[in-house]
**Q** 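Questions regarding the structure given below will be posed in turn.
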Amino acid sequence: MKGILIFLVVFGILVFVHEFGHFIVAKKCGILVREFSIGMGPKLFQKMRAKTTYTIRWLPLGGYVRLAGPDDAAKIDPGTTVVLQLDKQNKVKRIDASGSQMPIEGIPVQVNSADLVDDLIIQGYENGNEDQLKTYAVDHDATIIEQNGTELLIAPRDTQFQEASVGKKLATNFAGPFMNILLGFIVFIIWSLAAPGAPTTTVGSTIANQPAQVAGIKANDQIIAINDKKISNFNQIASELAKSKGKTVEVTVKRENKVKDFSVKPKARKIDGQRIYQLGFYGEPDNSLGAKLKRGWDTSISTTGLIFNAVGNLFRHFSLNKLSGPVGIYSQTVQVSNMGFTYLLAFLAMISTNLGIVNLIPIPGLDGGKLLLNLIQLIIGKPIPEDKEAIVDVIGFVILLLLIVAVTGNDIYRYFIK
């Protein structure tokens, strides 16, 4: 149960931050966000503010945004009975199409036709009187109560995503992946502040019967060179030892302002299938604020670079084992959570950065695919026809669906069967 809860929190944070990026930029660009939901499934709570309906839903699986567009605009089918609430200018300001899910006071009308995108009118028979067809003007900012009881703005054409400039489309589509990458940077900084400081070249303590202690190296000795190669940070020690391939190295240390040389034969260990050479000591940690901030920043940069390289290798040498879906992420989350809070933070930062970068891949169905279409529109100087864009989206959706099925099946085999 603990593992499931931690997974839901991690997954929820990743999705929420991604969707929040789309939400905040779309609002800034004047695109109508009809709904911003925290969670999925049945609705627990709703509140409309600044033309957006905010909802909280039962399942804690991130959330979603509903941007106004052709596929998400208010529609009323002919023959539907609705309740219309009028303002002082006799314009429709509120439409109840919920079938009494959220009843309001107003005029019952059997709809003959309705256009809530361009003409903003509703034609129908008031109180079931089929002798007189009446036409009602609808306010630009009118709301409609859907069958599930959610009240949203109707989304006229000028508020819809496809009517925005190509620059605003680019910004909105890019915002989701960018927020995931930004979250990765922020969490790496938090991880660095919470974790012990990075080891320095000063010996904190030696390990009993290991090469450093046997050679005579002591706590507070500062390693300044290995085989006459100047050492300025802890990672350089590992690098120089790797070059030695287990042969004896000359270690130069500073002890009480005196320089001493020691001949030390590194000890080999296998970690994750790799042979690592060690002297057998712990570096004195640097717990200064500046050092921790620098480590968090450097880790973010290096992780971002590694993920870009991994994505490139994925295209050059494709393998399902290089991919993980929800099942794989769940299994990894459980493993990391058992290692401690700081490990979980680092994992969250890495996964968030990875999600952001992968979403930028120009594949239809991902944000990168949408960005590619936006760039094509920018180049040709006119919008891509909606029918052709829809075909591309369907193809991308099918490809992603097949990939998700394949990755999930492979994850189940790797983590629970193999």
Side-chain angles (χ1 to χ4, degrees), residues 2-3 6 187-300 302-303 306 331-350:
K2 175 186 173 183
I6 293 175
V187 176
F188 267 127
I189 296 293
I190 296 172
W191 158 79
S192 186
L193 293 173
T200 64
T201 57
T202 299
V203 177
S205 61
T206 56
I207 302 173
N209 302 318
Q210 294 296 305
Q213 187 190 66
V214 171
I217 296 175
K218 299 179 180 179
N220 298 320
D221 286 352
Q222 182 185 2
I223 297 177
I224 58 176
I226 294 180
N227 287 341
D228 295 326
K229 177 74 173 180
K230 186 177 179 180
I231 300 297
S232 58
N233 62 67
F234 188 82
N235 291 333
Q236 282 184 295
I237 297 175
S239 177
E240 292 304 315
L241 294 180
K243 294 177 183 177
S244 75
K245 298 187 182 300
K247 295 180 181 179
T248 299
V249 295
E250 293 298 318
V251 180
T252 305
V253 306
K254 183 185 287 186
R255 179 185 295 172
E256 297 177 351
N257 295 322
K258 294 180 180 179
V259 175
K260 292 181 175 288
D261 292 314
F262 298 89
S263 295
V264 187
K265 183 176 176 59
K267 186 172 182 178
R269 287 184 61 194
K270 271 198 172 183
I271 301 177
D272 294 333
Q274 289 188 327
R275 187 177 293 274
I276 305 296
Y277 297 96
Q278 299 176 330
L279 297 180
F281 75 93
Y282 297 107
E284 184 73 25
D286 185 349
N287 289 310
S288 66
L289 178 62
K292 287 194 170 188
L293 290 175
K294 183 177 184 303
R295 178 179 62 172
W297 176 263
D298 290 344
T299 304
S300 301
S302 62
T303 300
L306 288 172
S331 180
Q332 294 168 39
T333 302
V334 171
Q335 293 176 27
V336 172
S337 65
N338 291 329
M339 299 170 67
F341 179 68
T342 54
Y343 288 92
L344 186 60
L345 280 176
F347 177 73
L348 172 61
M350 183 188 68

**Q** Quick one, Phe281 and Ile223 - any side-chain contact, counting heavy atoms below 4.5 Å?
**A** yes
**Q** Does the side-chain contact (heavy atoms from CB on, under 4.5 Å) test come out yes or no for Val251 and Asp261, once each step is laid out?
**A** CA-CA 6 Å; Val251 180; Asp261 292 314; over 6 Å; no
**Q** Please round to the nearest 0.5 Å and tell me the distance separating atom CG of Asp221 and atom NZ of Lys258.
**A** 12.5 Å
**Q** Can you list every pair that meets side chain to side chain donor-acceptor pair (under 3.5 Å) and has a residue in residues 236-250, with sequence neighbours left out?
**A** Ser232-Gln236, Glu240-Lys243, Glu250-Ser263
**Q** Please report, to 0.1 Å, the donor-acceptor pairs under 3.5 Å made by any side chain of residues 193-218, with sequence neighbours excluded.
**A**
{"unit_1": "Thr200", "atom_1": "OG1", "unit_2": "Thr202", "atom_2": "N", "d": "3.3"}
{"unit_1": "Thr200", "atom_1": "OG1", "unit_2": "Glu284", "atom_2": "O", "d": "2.6"}
{"unit_1": "Gln213", "atom_1": "OE1", "unit_2": "Asn209", "atom_2": "N", "d": "2.7"}

**Q** Grab the two heavy atoms, one from Ala242 and one from Tyr277, that are nearest each other, plus how far apart they are.
**A** CA-CD1, 4.2 Å
**Q** Enter the distance from Arg295:CZ to Phe188:CZ here, rounded to the nearest 0.5 Å.
**A** 11.0 Å
**Q** Are Val249 and Leu241 close enough that some pair of their side-chain heavy atoms sits under 4.5 Å apart?
**A** yes
**Q** Above 12 or not: heavy atoms from other molecules or residues under 6.0 Å from CG of Asn227?
**A** yes
**Q** Locate the shortest heavy-atom distance separating Asp286 from Ala291; write the atom from each residue and the value.
**A** OD2-CB, 3.3 Å
**Q** Let me confirm one number: the CD-NZ distance from Gln278 to Lys267, rounded to the nearest 0.5 Å.
**A** 9.0 Å
**Q** Less than 4.5 Å apart, any side-chain heavy atom of Lys292 and any of Trp191?
**A** no
**Q** Just grab all the salt bridge (Lys or Arg N to Asp or Glu O under 4.0 Å) pairs involving residues 223-235, residues at least two apart or on different chains.
**A** none
**Q** Take atom CZ in Arg255; do more than 12 heavy atoms of anything else shown fall under 6.0 Å from it?
**A** yes
**Q** Rounded at 0.5 Å granularity, tell me how far CZ in Phe341 sits from CG in Leu348.
**A** 9.0 Å
**Q** Within the structure provided, determine whether Val253 and Ile224 are in side-chain contact (heavy-atom separation under 4.5 Å).
**A** no
**Q** For Thr299, does its backbone N or O pair with a side-chain atom of Ser302 as donor and acceptor, under 3.5 Å?
**A** yes
**Q** Working to the nearest 0.5 angstrom, can you tell me the gap between Lys294 NZ and Ser288 OG?
**A** 11.0 Å
**Q** Flag yes if more than 12 heavy atoms outside Phe262 fall under 6.0 Å of its CZ atom; otherwise flag no.
**A** yes
